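Per chain, numbering begins at 1; letters A, B, ... match sequence-line order. As the structure is a prediction and not an experimental result, all values here were calculated from the model.
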There are 2 protein chains.
Amino acid sequence: MTAKRSRMSAKDRKTVILDVATGLIATHPWEDVTVAQIHEAAGISKGGFYHHFTSKEDVLTAVLMRLADASTAAGQAVYERSEGGPVARFTTFLAATARWELAHADQIMGVIRIALREGNEPILLKLEQEAQRRATPLMRTLVRAGVEQGVFDVVDVEMTVDLLQRAWRLRWVVLAEARQRCAAGDLSGGRALLEQRLQLEERMTSRLLGCTNTPVRMPDPEEFADFLCSA
Amino acid sequence: MTAKRSRMSAKDRKTVILDVATGLIATHPWEDVTVAQIHEAAGISKGGFYHHFTSKEDVLTAVLMRLADASTAAGQAVYERSEGGPVARFTTFLAATARWELAHADQIMGVIRIALREGNEPILLKLEQEAQRRATPLMRTLVRAGVEQGVFDVVDVEMTVDLLQRAWRLRWVVLAEARQRCAAGDLSGGRALLEQRLQLEERMTSRLLGCTNTPVRMPDPEEFADFLCSA
DNA sequence: CTTGATTACCGACCGACCGTCGGTATGTAA
DNA sequence: TTACATACCGACGGTCGGTCGGTAATCAAG
């Protein structure tokens with residue numbers, strides 16, 4: 001029997017439901033999560049749940065959109081007000097993206113925990129596709145600008161952007177491992193792992209872009225120092 | 001009421017079950033396929049079905065393994081008996097892979113149809129991961145051989161192999177579209193699409209491998225002529 | 001040829017789960 | 001005060017995956 005009814009606004013109640021659903025997904029594969037678990041954790045009845053969401057799948061979609069929001073970089077705003085040539089703007093874009101990601105590291109680590117949980121591969125796929133769908137237009141713009149100014153020599157803009165995102169996709173997994181090493185006392189090992197990863201991504205990015213003069217630079221490893229030392 | 005019992009060997013019955021399951025997956029998302037549909041299409045009872053498979057998920061795993069088998073190239077055997085330097089062996093590997101794939105085009109088209117059906121994203125992900133898991137060791141060997149002989153200049157062997165597979169992954173989708181154009185009467189358009197795709201992959205492959213002297217060559221478009229003109 | 005063992009197969013049944021629907025309770029505007 | 005809108009309730013129905021006690025078919029041993 002649910003407690004005496006407690007009425008909330010629709011918006012607040014949806015937020016509560018999505019919060020508990022996200023928590024459940026972090027500890028169980030989505031297929032094993034039941035509507036009963038979600039509505040009980042949210043403190044409402046099943047009918048109350050179905051008043052806000054049309055189906056279990058509807059909840060998953062909403063959770064994914066929220067998670068994708070968390071992983072979307074703030075690069076667009078930075079790009080629009082950045083200066084310099086395409087290489088400088090690309091480097092600025094990468095630095096801004098990294099700063100935004102570090103500012104939201106808890107959310108991103110939460111997303112990674114969910115997405116990499118065994119049984120959540122469908123969620124991982126959808127998240128990567130959504131993140132890629134959002135990032136691709138700006139990245140194509142940046143790459144085309146570089147091609148037009150003759151500082152990038154790419155084989156194909158679309159394929160290059162796709163491969164760039166693929167090359168960068170494991171960064172936060174490596175960051176998580178680097179932080180674990182630091183937490184275990186191996187500070188130099190953790191920092192080395194991070195530096196190696198950024199160097200690797202930087203060289204692969206320059207290779208894919210075919211930088212003819214100055215290479216595109218990945219963010220300074222010092223930007224990640226606080227993250228490595230946290231929790 | 002099922003017809004009078006017809007007894008088959010376990011092996012044959014499993015094959016029938018997997019055949020009908022694969023057919024169902026090609027026309028419905030896996031989630032919508034029921035055990036009832038599978039055992040009815042196989043002409044046995046539910047208990048008969050569970051005698052051969054421990055669960056619905058067990059069937060999916062078996063179907064995926066069969067599909068992965070279909071998409072594994074015969075490159076290993078060809079590599080082991082190929083001659084010449086690393087560039088020649090890599091080119092031979094690519095040509096042999098393409099020939100094997102063309103010889104099994106129906107199976108591959110069937111796999112693509114299944115994997116790209118909306119709702120089958122989890123299957124697509126698993127298939128890609130399994131195909132990649134199988135192809136990676138040989139590809140790494142080929143790339144390392146080239147690095148050691150100084151004809152490849154790669155940023156990182158593991159990341160390069162990963163990106164190569166990513167660069168190649170849409171080839172059969174493009175092939176399917178090229179064939180559709182030919183079937184619709186646009187022969188030159190279909191051939192042009194194929195040639196563009198192979199050129200793009202060839203240039204990206206050379207970029208990723210950092211070919212210092214001769215480039216790695218993709219298979220000759222003429223090898224695909226029969227496929228383009230078939231049904 | 002009979003018997004016992006093995007195994008392919010059957011279908012009634014059960015429990016878990018998703019989603020519905022007729023209802024109540026709460027809040028707000030007229 | 002009343003009517004309306006809407007957040008919420010929980011009993012219920014239907015579907016599905018899987019189980020289990022059984023039968024039928026096949027084969028090997030005596």
Between dT26(C), dG19(C), dC9(D), which nucleotide gets closest to the side-chain atoms of Arg7(A)? dT26(C)

Which of these nucleotides, dG17(D), dC18(C), dT7(C), is closest to any side-chain atom of Val35(A)? dC18(C)

Please report the distance, rounded to the nearest Å, between CG in Leu60(A) and C1' in dC17(C). 17 Å

Contact class for Ser55(B) (heavy atom, under 4.0 Å): base, sugar-phosphate, or nothing? sugar-phosphate

Thr160(B) meets the side chain to side chain donor-acceptor pair (under 3.5 Å) criterion, sequence neighbours left out, with none

Between NE2 of His39(A) and C1' of dG10(D) the distance, given in whole Å, is 9 Å

NZ (Lys56(A)) with more than 12 external heavy atoms under 6.0 Å: yes

Once you apply a heavy-atom cut-off of 4.0 Å, does Val59(B) come out as touching a base, just sugar-phosphate, or nothing? nothing

What I want to find out is whether Arg66(A) reaches Asp19(A) closely enough, with some N-O distance under 4.0 Å, to be called a salt bridge. yes

Length of the line joining Phe49(A):CZ and dC21(C):C1', which is rounded to integer Å: 17 Å

Are OP1 or OP2 of dC8(D) and a side-chain N or O of His52(A) less than 4.0 angstrom apart? yes

Rounded to the Å, how far apart are Glu40(B) CD and dT15(D) C1'? 13 Å

Under a 4.0 Å threshold between the charged nitrogen and the carboxylate oxygen, would Lys126(B) count as salt-bridged to Glu57(B)? yes

Winner on side-chain proximity to Ile44(A), out of dC18(C), dC9(D), dT19(D), is dC9(D)

Taking N and O atoms by type only, does the side chain of Lys56(B) place a donor or acceptor under 3.5 Å from a partner on the base of dG18(D)? no

Counting heavy atoms from C-beta on, name the nucleotide in dC10(C), dA8(C), dA7(D) closest to the side chain of Ala10(B). dA8(C)

What's the CZ-P distance between Phe53(B) and dG17(D), to the nearest Å? 15 Å

Whether His51(B) contacts dC9(C) is assessed here as follows: a side-chain N or O lying under 4.0 Å from the phosphate OP1 or OP2. Is that the case? no

Let me know the distance between CD1 of Ile17(A) and C1' of dA7(D), rounded to the nearest Å. 11 Å

dC9(C) phosphate, OP1 or OP2, under 4.0 Å from Arg13(B) side-chain N/O: yes

Between P on dT15(D) and CG on Asp32(B), what's the gap in Å once rounded to a whole number? 15 Å

salt_bridge(Arg197(A), Glu201(A)) N-O dist < 4.0 Å: yes

Between Met8(A) and Tyr50(B), who's closer to the 5' end of DNA chain D by nearest nucleotide? Met8(A)

dT7(C) C1' sits how many Å from Lys14(B) NZ, rounded? 13 Å

